[in-house]
Each structure stands twice: as structure tokens, then as C-alpha cells.
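Both counts, for ligands and for their atoms, begin at 1 and track the order of listing. Worth knowing before you read on, the calculation uses all heavy atoms, side chains too, and leaves out hydrogens, waters and symmetry mates.
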Amino acid sequence: MERDKCLYLFSGTALIIILFTGLAAAENYPKAKEFRMERGLAEEAKACIECHRNLNPGLFADWSRSRHASANITCLDCHLAEEHDADVAAEHYKQYQRSDHPYGTKEYKVPISAVVTPKDCSRCHPDEVTQYNRSKHANTMEIIWKIDPWLNKGMNADIERKAGCYHCHGTILKTENGRLDPMTWPNVGVGRVNLDGSLGSCSSCHTRHRFSVSEARKPEACGQCHLGPDHPQIEIFMESKHGSIYTAFKDEYNWDAAAGTWTPGVDYRSPTCASCHMSGAGKVMTSHDVTERLSWETQAPLTVRPQDFKPFPAKTDWKVERDKMKEICMQCHGKTWTDDHYDTLDRVVENYNEVYFKPAKKMLDTLYEKGLLDKSKFFDEDLEVEYYELWHHEGRRARMGAMMMAPDYAWWHGFYECKNRFNKYMKEANHLLETGAKAHVYTDFPSATGNRTKPEVIFGKK
Ligand code: HEC
Ligand code: HEC
Ligand code: HEC
Ligand code: HEC
Ligand code: HEC
Ligand code: HEC
Ligand code: HEC
Ligand code: HEC
């Protein structure tokens with residue numbers, strides 16, 4: 001399914017000159033632009049631009065201001081498909097049978113796809129895509145289908161998943177009669193499973209059609225998914241000193257530094273999510289694999305090393321990765337400061353694992369064993385919800401708050417809540433053990449109708 005777009009790549013001396021005239025056509029439209037295209041540009045590419053600039057002025061304006069436009073990368077370079085591709089937009093052929101548009105005729109006809117995947121970007125950005133492919137971002141659909149009770153026990157409806165879970169994690173794209181299935185599209189989740197077999201959507205951080213690095217360097221780009229009761233990283237960041245410095249000084253930061261040159265201390269005075277997790281610094285190279293630089297797997301119920309995370313063991317060595325992260329810190333901090341921060345973090349992990357998680361898990365297993373809790377479903381008995389929230393909500397907040405320097409999350413939203421939850425949970429559990437009464441089951445659990453079959457494209461046929 002290799003797409004042959006090279007023909008159109010950098011075609012000759014083709015050059016698009018975009019002049020900003022500053023003339024506003026009407027109040028609510030982007031500024032009108034006058035632009036010229038050199039003759040060398042492929043005619044089919046001109047057609048896309050000529051037709052779509054009027055059709056979608058917002059889309060056109062975005063593209064025309066991107067690095068891509070100035071490097072002469074056109075619509076065709078990304079959207080061109082082959083006729084037999086699964087994601088080809090069948091209805092688009094009709095655009096070349098129009099008498100009302102000079103470019104709406106058959107000599108410009110090419111197959112296109114609305115979906116532009118990491119595989120398409122990889123022609124020009126192979127390293128970013130290779131790194132991305134190893135990441136948990138790219139592989140999240142496999143991970144969540146291995147471990148998540150909402151999915152495996154069918155506890156939510158397909159539409160709840162589409163509007164919720166999959167919006168962040170990604171959908172498994174499907175077409176029906178040449179049209180993208182609306183239960184899977186639109187979507188730019190991090191682990192979207194594309195019809196060409198590739199994983200992810202680069203626009204989850206670099207929104208189209210600007211595709212800018214400066215956007216992805218800002219914490220808000222990550223915060224669209226990394227927020228809320230179960231993984232409040234953006235809230236944690238904004239609470240930390242790093243976040244408060246970002247708020248105070250972000251206007252002075254040099255967000256547009258060329259790729260690979262963004263330098264702590266020079267271009268910014270406190271780190272963002274990207275600085276710590278992705279961008280290069282010192283000897284540490286930029287990476288599109290966010291699992292790098294991590295020494296713990298704190299999303300999981302029991303905190304383990306990333307290589308011991310069973311559903312998707314990292315191929316990293318946690319000590320090496322920890323040293324990489326420390327090197328980032330030490331662009332601005334001394335060694336003792338950095339080492340002592342990690343000492344805190346390790347103790348927090350141990351405290352959570354030993355004092356809160358292990359006893360709660362042991363109790364849950366006992367109740368299942370004795371038949372006091374029913375294993376066939378999840379979330380339909382209070383103790384299951386309590387157990388879940390202990391690790392998934394407050395337990396994560398405690399660990400993540402400590403890791404990223406947010407004391408309010410480590411304590412008030414974290415360990416403080418863990419204590420309350422733990423006490424209530426143990427009280428209810430002990431009551432069942434003492435009386436031998438079975439837990440109340442919510443038999444009318446709403447919308448527990450979701451498909452429970454593990455997706456074939458990932459797991460193969462059952
Ligand atoms: C003669 C006008 C015309 C030309 C030429 C044209 N398009 Fe379109 N295109 C349209 C219209 C109209 C639509 C909206 C149809 C619809 O409602 O989805 C569209 C839709 C699209 C979509 C969305 C398709 C979907 O299924 O959601 C993409 C992507 C696209 N065009 C890209 C291109 C590219 C790339 C080219 C050049 C190879 C191109 N177009 C050439 C008129 C045109
Ligand atoms: C660098 C690659 C790239 C270039 C260049 C590019 N696109 Fe896109 N386009 C994308 C991506 C990525 C998406 C988002 C779809 C996805 O996530 O698969 C998209 C989406 C679209 C859509 C559907 C968006 C919507 O909101 O309905 C249209 C239409 C479209 N592009 C047209 C164009 C046109 C016209 C041009 C040229 C002016 C162009 N694209 C240039 C990558 C590109
Ligand atoms: C707002 C975006 C968003 C929504 C909605 C969302 N998630 Fe997540 N999910 C995330 C993020 C971000 C993480 C990573 C958390 C972390 O590392 O702290 C995550 C982590 C997970 C994990 C843990 C993966 C691991 O490696 O341990 C599972 C499982 C999961 N989500 C399943 C789901 C399911 C199922 C739903 C819907 C019922 C859902 N998520 C809804 C963003 C979201
Ligand atoms: C999780 C967010 C995220 C996703 C998803 C993402 N990027 Fe990036 N990307 C970044 C950040 C942050 C930078 C800036 C690195 C720096 O500071 O130089 C960047 C930089 C880049 C650059 C500039 C060169 C470089 O490596 O620094 C390219 C090219 C790029 N990304 C392509 C891609 C492609 C292709 C994909 C899809 C496979 C993708 N990105 C997906 C966050 C992301
Ligand atoms: C035909 C080649 C080509 C394709 C396909 C392509 N790019 Fe690019 N991309 C480039 C070139 C050339 C640059 C400009 C590099 C520069 O200015 O130094 C660039 C720059 C970028 C940058 C850096 C922008 C900045 O602000 O500095 C990002 C991010 C990026 N591309 C993402 C993508 C994504 C995501 C896709 C797929 C949806 C994609 N590119 C597809 C050639 C391509
Ligand atoms: C579109 C949603 C989305 C965006 C945007 C996003 N992430 Fe994520 N991120 C996720 C999900 C979902 C997971 C959980 C993957 C899993 O473990 O299954 C995750 C996991 C992670 C992890 C944990 C990896 C691991 O190995 O445990 C890190 C670190 C991370 N993201 C950092 C970032 C950073 C930094 C950015 C911004 C530059 C970002 N993310 C942007 C959805 C997103
Ligand atoms: C000062 C550097 C720094 C900043 C800024 C930062 N982080 Fe972190 N982050 C860390 C450290 C350190 C860890 C724990 C690393 C380890 O496991 O050793 C971590 C852990 C994480 C994890 C947990 C991964 C896992 O599976 O255990 C996620 C997810 C994450 N960060 C996302 C983000 C997001 C999103 C932002 C911005 C809103 C952000 N981080 C800002 C340093 C930072
Ligand atoms: C770009 C520079 C920069 C980087 C990189 C950086 N920091 Fe910071 N950090 C700062 C500045 C500036 C402060 C504010 C110091 C003060 O309180 O005066 C700070 C504050 C802190 C604080 C104090 C928080 C508080 O509320 O008292 C801790 C802890 C910390 N950083 C740890 C880290 C760790 C760990 C890393 C790496 C994972 C890191 N920093 C990366 C610049 C940086």
C-alpha cells in the first residue's frame with residue numbers, strides 16, 4: 001500500500017509565494033490572501049489549493065502559514081492516496097466532474113484520503129515516526145483492551161466510548177461504502193488505528209494545518225488529554241513552581257526555536273511537559289517516545305518499573321532513563337536538589353504501594369474468593385468502585401503530584417483522599433466478612449452494552 005507521491009515532491013523549482021495583503025474580506029473571515037503559484041507546481045496540487053481556498057478559507061489560511069507551505073509541501077503530498085487504498089475518499093471523485101469550477105475537471109483527478117497517517121508523514125519525518133511507534137501513545141489501544149474493565153466487561157456504551165475514551169486514546173478507523181464510519185471519525189486520538197495499519201495521529205499534538213512545534217511545546221497541547229480526576233498532569237503542572245514561572249514568563253519564552261535547538265535557560269527559564277518528556281537538552285536527544293525518561297509506571301494499580309508493566313513492557317532500562325531525566329533537571333538545578341527530589345518520589349511510591357494498594361488489593365481478592373463480591377462484572381458493586389478510585393484517582397494523584405512537584409495533589413487531592421477512601425473501603429469490606437452478607441449488586445447498571453470483543457486488527461481472530 002506504499003503511496004507513490006514522490007512525483008509531486010519538491011517538483012522542480014516550484015514555488016508558492018504567499019503575500020499577506022492584510023485585506024479582510026469580511027469581519028468573520030480570515031484575512032484574504034493573494035498568492036501566486038509557479039508553473040512548476042503539479043497541476044493536481046494547484047487544483048486542491050484553488051478549490052479549497054474558497055471552500056475552506058480557515059483551512060487554507062492555516063496551511064499557508066505553515067512551515068510546510070513555505071517548504072512547498074502541498075495538499076497532495078499528504079492527502080494523495082492510491083485507488084485501492086482502504087481509506088480513499090470515494091465521494092471526492094465527484095469533485096472532478098463539475099462544470100462550475102475550472103479545476104473541477106477530470107484532468108486533475110487524483111485519489112485522495114481524508115485520513116493522513118503517521119505512515120504518510122514518515123516519508124519525510126522517518127525518525128519521529130519510528131520513535132512514536134514504540135511509544136505507549138501509539139500502542140494505547142492494545143494496552144487498554146488488555147487491561148481495562150470498562151471495555152472488557154462491557155460496562156459502558158459504544159457511544160460513551162467514542163465521545164469519551166476514544167477521543168483521547170484513538171478509534172479503530174472503519175469505512176463503509178467508501179465513507180468513514182461516524183462511530184470512528186472524526187478522531188485524532190494518540191493511538192488511532194489507521195486503515196493503512198499505522199498507529200496514531202500526529203495532529204493530536206501538532207494540529208493541522210499549521211503543524212507547529214511551538215504549539216506542541218506548550219503544556220496546553222498535552223493538557224487536552226492529561227487532565228481531570230484520574231491523571232491531572234496539567235493541573236499538577238500549573239500548581240508547580242515550574243508552572244507558575246511558565247504563567248509569569250511565557251511571553252518571553254522563545255517557542256519558535258528550530259527543531260532540536262530549544263534550550264533550557266536560553267529559550268525558556270522553566271520546563272514545560274515537552275521539555276521534561278520530549279525535547280532534547282544537554283546530551284539528551286529529542287524523542288517522540290514519551291516512555292523514555294521514566295523510571296516508574298505510575299498509571300498502573302501497583303507501581304512497577306516500566307519494563308515490568310505486563311500489558312506493554314518497555315524495552316528500556318529504568319536506570320538509564322532516570323539518568324536522562326536527571327540530565328534535563330540539571331540544566332537548571334544542582335545534583336543534590338535533583339537526587340533528593342527522586343528520593344522523595346521513590347518513598348512516595350513505596351508508601352502508596354505498601355500501605356494503601358497492597359492491603360486493598362488483598363482484601364478485594366479475599367472477597368471474591370469467599371463469593372461476597374461477584375466477579376462477573378465490574379463497577380456494579382460499591383467496593384469495586386472504591387477500590388478503583390483508590391488506585392485510579394487519588395492513588396495516581398498522590399504519586400503524580402509528588403513526581404511533578406505539586407504538594408496539593410500529593411497530599412489534599414492525594415494521600416489525604418487515599419486515607420478516607422481506604423478507611424471507608426475497609427469498613428464495608430470487614431462488614432461483609434463479619435456478617436457473610438453479599439455485596440449489593442446494581443442490577444440496573446445503565447448502558448453496560450459496549451462491545452466486549454477484543455478488536456481483531458490488534459489481537460487477530462479469536
Ligand atoms: C473542484 C473542487 C475541488 C478540488 C479540485 C479538490 N477538492 Fe477536495 N473537496 C472539495 C469539496 C467540495 C469537498 C467537500 C465534500 C464534502 O462535503 O466532503 C472536498 C473534500 C475534501 C476532503 C475531505 C474528504 C472527506 O471525506 O472528508 C479532503 C481531504 C480534500 N477534499 C482534499 C483535496 C485534495 C488533497 C485535493 C487535490 C488533490 C482536492 N481536495 C481537490 C472540492 C475539491
Ligand atoms: C503535512 C500534511 C498535510 C498537508 C500539507 C495538508 N493536509 Fe489536510 N490534513 C492533514 C491531516 C493530518 C489532517 C487530519 C486528518 C487526520 O487526522 O488523519 C488533514 C485534514 C484535512 C481535511 C479534513 C479536515 C476537516 O476538518 O474536515 C481536509 C478537507 C484537508 N485536510 C484538506 C487539505 C488541503 C486542501 C490542503 C492544502 C491546502 C491540505 N489538506 C494540506 C495533513 C495535511
Ligand atoms: C481526557 C482524555 C481521556 C479520556 C476521556 C480517557 N482516557 Fe484513558 N488515559 C488518558 C491519559 C492521558 C492516560 C495516561 C494517564 C497517566 O499516565 O497518568 C490514560 C490512561 C489510561 C489507561 C492506563 C494505561 C496504562 O498504561 O496503565 C487505561 C486502561 C485507560 N486510560 C482506559 C480508558 C478508558 C477505557 C476510557 C473510557 C472509559 C478512558 N481511558 C478515557 C486519557 C483519557
Ligand atoms: C505527544 C505530542 C506529540 C505528538 C503526538 C507528535 N509530536 Fe512531533 N513534536 C512534539 C514536540 C513537543 C516537539 C518539539 C520538540 C523540540 O522541542 O524540538 C515535536 C517536534 C516535531 C518535529 C520537529 C523536528 C523534531 O523532531 O524536533 C517534527 C518533524 C514532528 N514533531 C513530527 C511529528 C510526527 C510526524 C508525528 C506523528 C508520528 C508527531 N510529530 C507527533 C510533540 C508531538
Ligand atoms: C513531503 C514531505 C513532508 C511530508 C509528507 C510531511 N512533512 Fe512535515 N515538514 C517537511 C518539511 C520540508 C518541513 C520544514 C522543515 C524546516 O522548515 O526546517 C517540515 C516541518 C514539519 C514540522 C516542524 C514545523 C515547525 O514549526 O518547525 C512539523 C511539526 C511537521 N513537519 C509535521 C508533519 C506531520 C505531522 C506530517 C504528516 C501529517 C508531515 N509533517 C508531513 C516535509 C514534510
Ligand atoms: C490526544 C490525547 C493525548 C495528548 C494530546 C497527549 N497525550 Fe500523553 N498520553 C495519552 C494517553 C491516552 C496515554 C496513556 C497511554 C497508555 O499507557 O495506554 C498517555 C501517556 C503518556 C505518558 C506515559 C507514558 C508511559 O510510558 O507510561 C506520558 C509521559 C505522556 N503521555 C506525555 C505526554 C506529553 C508530554 C504530551 C504533550 C507534549 C502528551 N502526552 C500529549 C494521551 C495524550
Ligand atoms: C520538571 C519536569 C517535568 C514536567 C514539567 C512535567 N513532568 Fe511529567 N514527569 C516528570 C517526572 C520526573 C516523572 C516521573 C518519572 C519517573 O517515572 O521516574 C513524570 C511522570 C509523568 C507521567 C507518568 C508516567 C507513568 O506512566 O508513570 C505522565 C503521564 C507525565 N509525567 C505527563 C506530564 C505532562 C502531561 C506534563 C505537563 C502538563 C508533565 N508531565 C510535566 C517530570 C516532569
Ligand atoms: C529550564 C530550567 C528548569 C528545568 C529543566 C527544571 N527546573 Fe525545576 N525549577 C526551575 C526553577 C527556575 C525553579 C524555581 C526555583 C525557586 O523556587 O526559586 C524550579 C523549581 C523546582 C523545584 C522546587 C519546587 C517548589 O515548589 O519548591 C523542584 C523540586 C524542582 N524544580 C525539581 C526539578 C526536577 C526534578 C527537574 C527535572 C525533572 C526540574 N526541576 C527541571 C527550573 C527548572
Q: Please determine if atom 8 (Fe) of ligand 6 has an N/O/S atom from C222 lying under 2.8 Å away.
A: no
Q | Residue part near ligand 5, for D120, under 4.0 Å between non-hydrogen atoms | A | backbone
Q. Side chain, backbone, both or neither: which part of A71 comes within less than 4.0 Å of ligand 5 when only heavy atoms are counted?
A. side chain
Q. Excluding sequence neighbours, so at least two apart, what forms salt bridge (charged side-chain N to carboxylate O under 4.0 Å, His left out) with K162?
A. none
Q) Under 4.0 Å from ligand 3, counting heavy atoms only, is it the side chain of H167, its backbone, both or neither? A) neither
Q: Mark up the atoms of ligand 6 that fall under 4.0 Å of a heavy atom belonging to M278, in ascending order.
A: 38 (C)
Taking N or O atoms only and a 3.5 Å limit, does [X] qualify as a polar contact for ligand 5?
{"X": "H125", "answer": "yes"}
{"X": "H68", "answer": "yes"}
{"X": "D77", "answer": "no"}
{"X": "V213", "answer": "yes"}

Q | Contact with ligand 6 for P306, non-hydrogen, under 4.0 angstrom | A | no
Q) Against heavy atoms of M400, which atoms of ligand 3 measure under 4.0 Å? A) 16 (C), 18 (O)
For [atom], grab the closest protein heavy atom and report residue, atom and distance to one decimal in Å.
{"atom": "atom 27 (O) of ligand 3", "value": "F309 CZ, 3.5 Å"}
{"atom": "atom 40 (N) of ligand 6", "value": "H226 NE2, 2.8 Å"}
{"atom": "atom 25 (C) of ligand 3", "value": "Q299 OE1, 3.4 Å"}

Below 4.0 Å from ligand 3: does a non-hydrogen atom of [X] turn up there or not?
{"X": "E160", "result": "no"}
{"X": "R161", "result": "no"}
{"X": "G228", "result": "no"}

**Q.** Short N-O contact, K324 and E321, less than 4.0 angstrom
**A.** yes
**Q.** Lys NZ or Arg CZ of K377 over F445 ring: under 6.0 Å, within 45°
**A.** no
Q: Determine, for W296 and R305, whether the Lys NZ or Arg CZ falls below 6.0 Å from the six-membered ring centre while staying within 45 degrees of the axis.
A: yes
Q) For atom 19 (C) of ligand 6, which candidate among H137, R192, E220 holds the nearest heavy atom? A) H137
Q.
I'd like to know whether NE2 of H167 has more than 12 heavy-atom contacts from other residues, nucleotides or ligands below 6.0 angstrom.
A. no
**Q.** C202: numbered ligand 5 atoms lying under 4.0 Å from its heavy atoms
**A.** 35 (C)
Q. Which protein N, O or S atoms does atom 8 (Fe) of ligand 3 have within a distance shorter than 2.8 Å?
A. H169 NE2
